[in-house]
Amino acid sequence: MVERILEEVKKRLSTQGAAEVQPPLKKEEVKKEAVVMSVSGLTEFVGTAIGDTVGLVIANVDRGLHEKMGLDKKYRSIGIIGARTGAGPQLMAVDEAVKATNSEVVTVELPRDTKGGAGHGSLIIVAAEDVSDARRAVEVALKELDRTFGDVYGCDAGHLEFQYTARASYCLNKAFGAPLGKAFGIIVGAPAAIGVLMADTALKTASVDVVTYGSPTHGNSYTNEVVLTITGDSGAVRQAIISAREVGLKVMRAMGQNPVSSTKPYI
Amino acid sequence: MVERILEEVKKRLSTQGAAEVQPPLKKEEVKKEAVVMSVSGLTEFVGTAIGDTVGLVIANVDRGLHEKMGLDKKYRSIGIIGARTGAGPQLMAVDEAVKATNSEVVTVELPRDTKGGAGHGSLIIVAAEDVSDARRAVEVALKELDRTFGDVYGCDAGHLEFQYTARASYCLNKAFGAPLGKAFGIIVGAPAAIGVLMADTALKTASVDVVTYGSPTHGNSYTNEVVLTITGDSGAVRQAIISAREVGLKVMRAMGQNPVSSTKPYI
Amino acid sequence: MVERILEEVKKRLSTQGAAEVQPPLKKEEVKKEAVVMSVSGLTEFVGTAIGDTVGLVIANVDRGLHEKMGLDKKYRSIGIIGARTGAGPQLMAVDEAVKATNSEVVTVELPRDTKGGAGHGSLIIVAAEDVSDARRAVEVALKELDRTFGDVYGCDAGHLEFQYTARASYCLNKAFGAPLGKAFGIIVGAPAAIGVLMADTALKTASVDVVTYGSPTHGNSYTNEVVLTITGDSGAVRQAIISAREVGLKVMRAMGQNPVSSTKPYI
């Protein structure tokens, strides 16, 4: 009994990375999905990714819908990235996608979701003049998600999330007003109380500028999160995030929780 | 005692509107519930139905509450239909109820709910001059729910929902501004990305008019849904819905999901 | 090592404010947590309590964050009470805390949460000139939660909640506009339909004044609740609550549910 406790404690204290947490897909499931895809022959479907993320394209958006969605007339094609779980990971992923492709972020909407969790889901629409550009943007975004979920730490009581980029682009600018081309970071704590403490820690650690401070009823979609976004010197932004992460994980553990990375930490 | 229980059960099954549409209860549960009912003697309770829907009536609304709820003075009695899961099914059901009874829809409120799912719950209040009319409206609505849940397709990643009526009435008019007496359809996809694609498909399929286009932060209660409502020629509305359903189910399956009807498809 | 673990556990149980109000942990969990705590040495962590409530303090809020949070300059220290589940219990608990300590409620935010349930979570911030006052306020609040969760009745279909105080203070005043020093009660029903009926019952039972009437899209954070708050003569407020509770429990049982107290009823 005592042995088991000590083992658990040791294991817990030594390994925090936790790559094993990746929602394991059985090989069979992957195959099944592939088969279904070939059967469906649905040209609009691009793929899926972690967080119940789905990527879709529409080559020629219906004129009536085009108007309802408030799209610019020059764009015929759109790419759609939507997820039940996660806003930050998808926003970072699409930010990379618009850097890498000839596309533009047109709308960002963040529902209250995470399937009973404390946070957001996401609906991000990118537009392009050509469908192949829209599709490429969605592909790049879906590929990035494995990485951008790396510093999302979930547990029963809530979650912590950290995102970092050395150079913010148009998606982060659209969503948060991030200065283009500058280092940018996102710090999320849920329940929101933890986010307040992490925000304080981040701002005390390094000289960074606050871009946004979101709380449940101010800037969030009634999520139980505090979301701090910061910009500044890249080293300072990273350091602020790392300190916030350290304190956030400590609080979670003090609550008796075991927060683990959704994939593999990248910051 | 056993006799009384069985009698109560029989009575309840034969006379109460909602009995057929209740989620299957074990016999033991039915007995227990029936006993409680006879003990409670709660005249306000009308019944329950799928989606944790509950139907209630108040014969004489308290004057202070009457004012807080913004009810018209001519109505003393109200019927209340509330649910954890579902907005469309309840709205369609109440639409039939107000067609069939001497009652009026006074408020429609759609919380963010579905018990950890991606969508809405509902709170719909109908008013009548006489309590028997209010009760009858609630009974009709509860009875309709088994049908109107028929094209609600749930799975782990989200849900799809389709509703159709050949003749929209006052509830759909109140909730969406549906033209009275015209064919009307609702198309819902969650996560919202799927709803965008279904909306595009619907509008390309048939010549219909968009009544509303709701997305997570525009017109929805921060649900992870896109909700398209359409009107027009009844054949066109049906065809648009059927095409959207086909593409929605394909995307869900391509995601590795197995969406299934909550009861039995009706469109 | 084992000795040290046990010592830590003992120390924690005797010195930490919130220890008594924590949901029962298995012995193994207590040991594990205690070890982690001694490793963390986090001065900001005060404790946890039922509802995934966490209590934190910040001795010297960062100047930039101070401004973003809109805090009065005279307050250097804040106490933070946040929870995934519950708004009423935490508001009542903090109300007692500010009565008992030299602190002030500065913000109340109620996310849409309860982990897939129908209601709110909470983020309440108290401020004090001295960190020991902020910490004391958080400690008192955490201790109160076991009591204030007493009339929270949960079940699969929803929940009922009742709160009563003979003398409302600054937290209830901030959150609802409760008259200071007067008896005050909160009545919550979810799904919201039940809340309508309970509100009607409460107001018919006793001569009380309505302070607020909240519904999913009016005054709530899109929760599936109706929330009635009342004031008046202390006997009348209590009687109104007790009648509402009776009818609420009856409806839940008629729905085939078995609502049970989260801890132990106190009203």
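Every chain is numbered from 1 and lettered A, B, ... according to where its sequence line falls, protein lines coming before strand lines. Small disclaimer: the values here were computed from a predicted structure and weren't measured.
Salt bridge A:Asp113/A:Arg84: present, at least one basic N to carboxylate O contact under 4.0 Å. Ion pairing between B:Asp95 and B:Arg167 fails under the 4.0 Å rule for side-chain N and carboxylate O.
Only the backbone of B:Thr223 comes within less than 4.5 Å of a heavy atom of chain A; no side-chain atom from C-beta onward does. Looking at A:Leu110, the atoms closer than 4.5 Å to chain B (heavy atoms on both sides) all sit in the backbone: N, CA, C or O. Looking at B:Val247, both its backbone and its side chain come within 4.5 Å of chain A, counting heavy atoms on both sides.
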| said: Assess the residue pair B:Ile267 and B:Ile242 against the criterion (side chain to side chain contact (heavy atoms under 4.5 Å, CB included)); give the C-alpha distance rounded to whole Å, side-chain angles, the decisive distance to 0.1 Å, and a yes or no. | reply: CA-CA 8 Å; B:Ile267 301 170; B:Ile242 288 166; 4.3 Å; yes
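Of all the listed residues (B:Asp156, B:Leu228, B:Thr201), the one sharing the greatest number of non-hydrogen pairs under 4.5 Å with chain A is B:Asp156. For the set B:Gly117, B:Pro191, B:Gly195, the count of heavy-atom pairs under 4.5 angstrom toward chain A peaks at B:Pro191.
No side-chain donor-acceptor contact under 3.5 Å links A:Thr48 to the backbone of B:Met255.
Using cut-offs of 30° and 60° on the angle between ring planes, the pair B:Phe184 and B:Phe176 is tilted.
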